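Start at 1 and go down the list; that is how both ligands and their atoms are numbered. Counting begins at 1 with the first residue of the sequence. Note that this is a predicted model, so its numbers are computed, not measured.
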Amino acid sequence: MSVFVSGATGFIAQHIVGQLLDQNYKVIGSARSQAKIDELQKKFGSNPNLSMVIVPDISKLDAFDETFKIHGKDIKYVLHTASPFKFDVTDFEKDLLIPARNGTLGILEAIKEYAADTVERFVITSSFAAIFDLARLDDDNLTFTEDSWNPDDWNSCQRDGGSAYCGSKKIAEETAWNFYNENKDKVKFKMTAVNPVYVFGPQRFDADVSKTLNTSCEFINSALHSTPDKLPQPFAGGYIDVRDVAKAHLYAFQKENTIGQRLIMSEGRFSTQDILNYLNADFPVLKGSIPVGNPSEALENSTAGAKTDNHKTKEILGYKFIGLKQTIDETAAQILKQEGRS
Ligand code: NDP
């Protein structure tokens, strides 16, 4: 029996696939083209436990039909990670909302049609974006937990690329829970959502370090390439390391206590200033080439504004998450190594 991973070429998904192969699972991944499949299989050393299918565009509701028609009886676990993660879009529906919602509905309908008796667990890579309220991040009296929901809907989220991305994740996760609750008598699987904040950490393969990285790691990449006269775009949020997020996806189908849960993957806060502080302190090669900023404005230990309480998730998973210094340093070290600057 196999684990199906949609969007297997993604930053997080490659770590998931790597951990699955390390644990000797048979993996079927989806990618958008044969070229991407060839590249991924090469990176994993043509591991015989990794097979791939082409799913070009999850916006199409029947995108997963062929895969589940052919392989459905061999798939026991489904990890649905594919979803667009970008903010610089203009057509919010076409570029974010439709693929996020239809991708989720399409894969669930394909399971119901072709693998209702074989798929036992369904894990959706949701996001903290499905949990928080963008308009109330400064509210000292607010605490986000596994029970919180982003209040935006299809129309109200279309304010800018950031809010539309957050809305797309809320709508996708909501679609999944609604499907799960409405089809409990028709499908066998149990469901879990994984809701990460911004995910940092090294790319699974050094070769994936390119000029621009995936949206979350790009915060570190752009700080590392900023200059003293030009501060990187100020930004703040929660952080978690990609290896912890991948591990949570495995726990989400391996453990009983994750069934029906939303797992907030967060280890704390960061800002652009925190990234600059660690880069300046830990990489002598960057001294003088990147800004210092205002070191005292770091947010790692700040308690201002809305809080996140994910003690329930931490109890369920039971492993210690990687901290800010390690995740920033290991992301940066890989970039510098690839650039020949370490
Ligand atoms: P990536 O951009 O690296 O991965 C996204 C994956 O989805 C890629 O394989 C991409 O394929 C695929 N994909 C996107 N749009 C489509 C489409 N229309 N049709 C088919 N495939 C598509 O991002 P991450 O690894 O960071 O994100 C993975 C998941 O984790 C997403 O669901 C994201 O929302 C979620 N997430 C990420 C966080 C982060 O900080 N990184 C935080 C919280 C949640 P291709 O590359 O070929 O376009």
Side-chain angles (χ1 to χ4, degrees), residues 5-18 29-40 52-64 67 79-89 91 93-104 106-107 123-132 150 161-162 164-173 175-176 193-205 208-210 212-221 235 237-246 248-249 252 262-267 270 327 331:
V5 182
S6 70
T9 53
F11 165 59
I12 295 173
Q14 289 194 43
H15 282 272
I16 295 173
V17 170
S30 72
R32 304 177 81 162
S33 67
Q34 188 60 45
K36 290 189 177 195
I37 286 177
D38 294 345
E39 202 185 321
L40 191 73
M52 297 287 297
V53 294
I54 299 181
V55 175
D57 186 4
I58 57 170
S59 301
K60 296 196 167 62
L61 276 170
D62 63 357
F64 291 101
T67 298
L79 313 184
H80 178 46
T81 84
S83 205
F85 181 20
K86 48 192 175 184
F87 302 135
D88 57 342
V89 297
D91 190 334
E93 294 196 342
K94 178 172 154 291
D95 295 331
L96 294 169
L97 290 157
I98 293 173
R101 182 196 59 191
N102 287 6
T104 303
I107 198 168
V123 180
I124 182 168
T125 314
S126 185
S127 171
F128 190 63
I131 286 183
F132 71 0
N150 175 342
Y165 167 72
C166 294
S168 80
K169 296 305 290 179
K170 183 260 177 101
I171 287 159
E173 191 193 329
T175 299
V194 180
N195 300 65
V197 292
Y198 285 104
V199 183
F200 296 150
Q203 306 292 314
R204 180 65 173 72
F205 297 99
D208 282 329
V209 173
S210 52
T212 307
L213 295 183
N214 59 290
T215 300
S216 50
C217 290
E218 187 52 28
F219 290 120
I220 296 175
N221 194 36
F235 197 86
Y239 77 89
I240 184 78
D241 187 273
V242 66
R243 293 156 291 192
D244 288 329
V245 175
H249 281 77
R262 304 172 82 207
L263 304 172
I264 296 185
M265 298 304 296
S266 174
E267 180 56 2
F270 80 98
T327 194
T331 310

| request: Could you tell me which residues satisfy salt bridge (Lys or Arg N to Asp or Glu O under 4.0 Å) with R262, sequence neighbours excluded, listed by chain and number? | output: E173

| query | Mind checking whether F200 and Y239 have parallel, tilted or perpendicular rings, split at 30° and 60°? | reply | parallel

| message | Please check this pair: side chain of H15 against backbone of P202, looking for a donor-acceptor N/O pair closer than 3.5 Å. | response | yes

Pairs under 3.5 Å, N/O atoms on ligand 1 and on the protein: can you put them in a table with the distances?
{"residue": "ligand 1", "atom": "3 (O)", "partner": "F11", "partner atom": "N", "Å": "2.9"}
{"residue": "ligand 1", "atom": "7 (O)", "partner": "S83", "partner atom": "N", "Å": "3.3"}
{"residue": "ligand 1", "atom": "9 (O)", "partner": "G7", "partner atom": "O", "Å": "3.2"}
{"residue": "ligand 1", "atom": "9 (O)", "partner": "T9", "partner atom": "OG1", "Å": "3.0"}
{"residue": "ligand 1", "atom": "9 (O)", "partner": "G10", "partner atom": "N", "Å": "3.3"}
{"residue": "ligand 1", "atom": "18 (N)", "partner": "R32", "partner atom": "NH2", "Å": "3.4"}
{"residue": "ligand 1", "atom": "18 (N)", "partner": "D57", "partner atom": "OD1", "Å": "3.0"}
{"residue": "ligand 1", "atom": "19 (N)", "partner": "I58", "partner atom": "N", "Å": "2.9"}
{"residue": "ligand 1", "atom": "25 (O)", "partner": "F11", "partner atom": "N", "Å": "3.2"}
{"residue": "ligand 1", "atom": "25 (O)", "partner": "I12", "partner atom": "N", "Å": "2.9"}
{"residue": "ligand 1", "atom": "32 (O)", "partner": "T81", "partner atom": "O", "Å": "2.9"}
{"residue": "ligand 1", "atom": "32 (O)", "partner": "K169", "partner atom": "NZ", "Å": "2.8"}
{"residue": "ligand 1", "atom": "34 (O)", "partner": "Y165", "partner atom": "OH", "Å": "2.6"}
{"residue": "ligand 1", "atom": "34 (O)", "partner": "K169", "partner atom": "NZ", "Å": "2.9"}
{"residue": "ligand 1", "atom": "40 (O)", "partner": "V199", "partner atom": "N", "Å": "2.8"}
{"residue": "ligand 1", "atom": "40 (O)", "partner": "S216", "partner atom": "OG", "Å": "3.2"}
{"residue": "ligand 1", "atom": "41 (N)", "partner": "S216", "partner atom": "OG", "Å": "3.0"}
{"residue": "ligand 1", "atom": "47 (O)", "partner": "K36", "partner atom": "NZ", "Å": "2.6"}
{"residue": "ligand 1", "atom": "48 (O)", "partner": "R32", "partner atom": "NH1", "Å": "2.9"}

| request: Output all residues satisfying side chain to side chain contact (heavy atoms under 4.5 Å, CB included) with S33, sequence neighbours left out; order by chain, then residue number. | output: A35, K36

Give the table of side-chain donor-acceptor pairs shorter than 3.5 Å for residues 53-60, with sequence neighbours excluded, one pair per line with atom names and distance.
{"residue": "D57", "atom": "OD1", "partner": "S59", "partner atom": "N", "Å": "3.0"}
{"residue": "D57", "atom": "OD1", "partner": "S59", "partner atom": "OG", "Å": "3.0"}

| query | Below 6.0 angstrom between ring centroids: does that apply to F85 and F11? | reply | no

